[in-house]
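What follows is a short report on a single structure.
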Amino acid sequence: MKPVREVIGKGFFPNLVEINLLAQSLCRDGQPHEAQQLLMECMNKGCAVNVVNFSTVIHGFGQKDDLEAALSLWDDMYFCNKDPGSVTYTTLIDALGKAGRIEDATELSMKMLRQGLAPSPVTYRPVIHQYCRKGRVEDLMKLLKNMISKGRFQTLFNLVIEKLCKFGYLKEADSLLGEGLRTASRTDAKTCHVYLSVGIPMSTYTVSCQMFNRNLLPDLLLCEKVSRRLLIGGKLEEADRLVLRFVERDCVLSQDQKHLQD
DNA sequence: CTAGGGTTAG
């Protein structure tokens, strides 16, 4: 990275994007401190520097688990009168979460809302992930209610349900599924799919039926999978009804089932 | 032709 510094020293003024690309490649090399130094030198030279540039380097520190450096750069950013955007917040939230400081991460996401910044689904993902990873499902549920009250995000329920599934909290996923999904959107269909492939057999039957009712149309593979698991659980009737329901839908039969029909 | 930064990964 020495060459870059020399170039800057000789009067080359990189623009915002160039600075960012340089910082990014330094961070990818595991050298966020170098990237930070680059930022400082650019500023000293009078180059314009951005929140985006700061985010990049903060992310770099987060990747290296250097939380102290990330936080101090966060402060520097305020000092330079660059107000963080929601992406910047998300970067730090993720870093805090990865370091196990879930409370701080949560607090920061609340602070972000107080600043009037709208969180994206991505903002909450790392937080939700960490709560699940630590098994703090109760707390997550409380948090979810809080998030919902702060502003509505269609995909928030989906996000939480899918995470719960991933970590095996099926009962909770199940009850949220009944509570949160009222639409027939693609994302809801995807969430149902995620649940169906791991969920509690009896309730996967219920969910499948709800999907039919809402026109979410579970596909054949999924129906087969669910009905197979129902069979294993001894629920012959439900397994049967599910496949029947699928066939009624006039969908294409798989090779296997064509065989069975003959 | 306002790009470039944020999720997941045992």
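Quick note: numbers below take in every heavy atom, side chains included, and nothing from hydrogens, waters or symmetry partners. Convention: sequence-line order gives letters A, B, ...; per-chain numbering from 1.
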Does A:Arg114 have any side-chain contact (heavy atoms from CB on, under 4.5 Å) partners at least two apart in sequence or in another chain, and if so, which?
A:Glu107, A:Met110, A:Lys111

In 5'-to-3' order, the base (B), backbone-only (S) or no-contact (-) status of each nucleotide in nucleotides 3-10 of chain B, using a 4.0 angstrom heavy-atom cut-off, is BBBBBSS-

Mind listing the side-chain donor-acceptor pairs of residues 162-176 of chain A below 3.5 Å, one per line with the distance, residues two or more places apart or on another chain?
from, atom 1, to, atom 2, distance (Å)
A:Glu162, OE1, A:Lys190, NZ, 3.2
A:Glu162, OE2, A:Thr191, OG1, 2.7
A:Lys163, NZ, A:His129, ND1, 2.9
A:Asp174, OD1, A:Ser203, OG, 3.1
A:Ser175, OG, A:Glu172, O, 3.2

Residues 64-75 of chain A, side-chain donor-acceptor partners within the protein, below 3.5 Å, at least two apart:
from, atom 1, to, atom 2, distance (Å)
A:Lys64, NZ, A:Gly30, O, 3.1
A:Asp66, OD1, A:Ala69, N, 3.2

Across all chains, not counting sequence neighbours, the salt bridge (charged side-chain N to carboxylate O under 4.0 Å, His left out) partners of A:Lys98 are A:Asp94

With sequence neighbours excluded, give me every salt bridge (Lys or Arg N to Asp or Glu O under 4.0 Å) pair touching residues 124-138 of chain A.
A:Glu103-A:Arg136, A:Arg136-A:Asp139

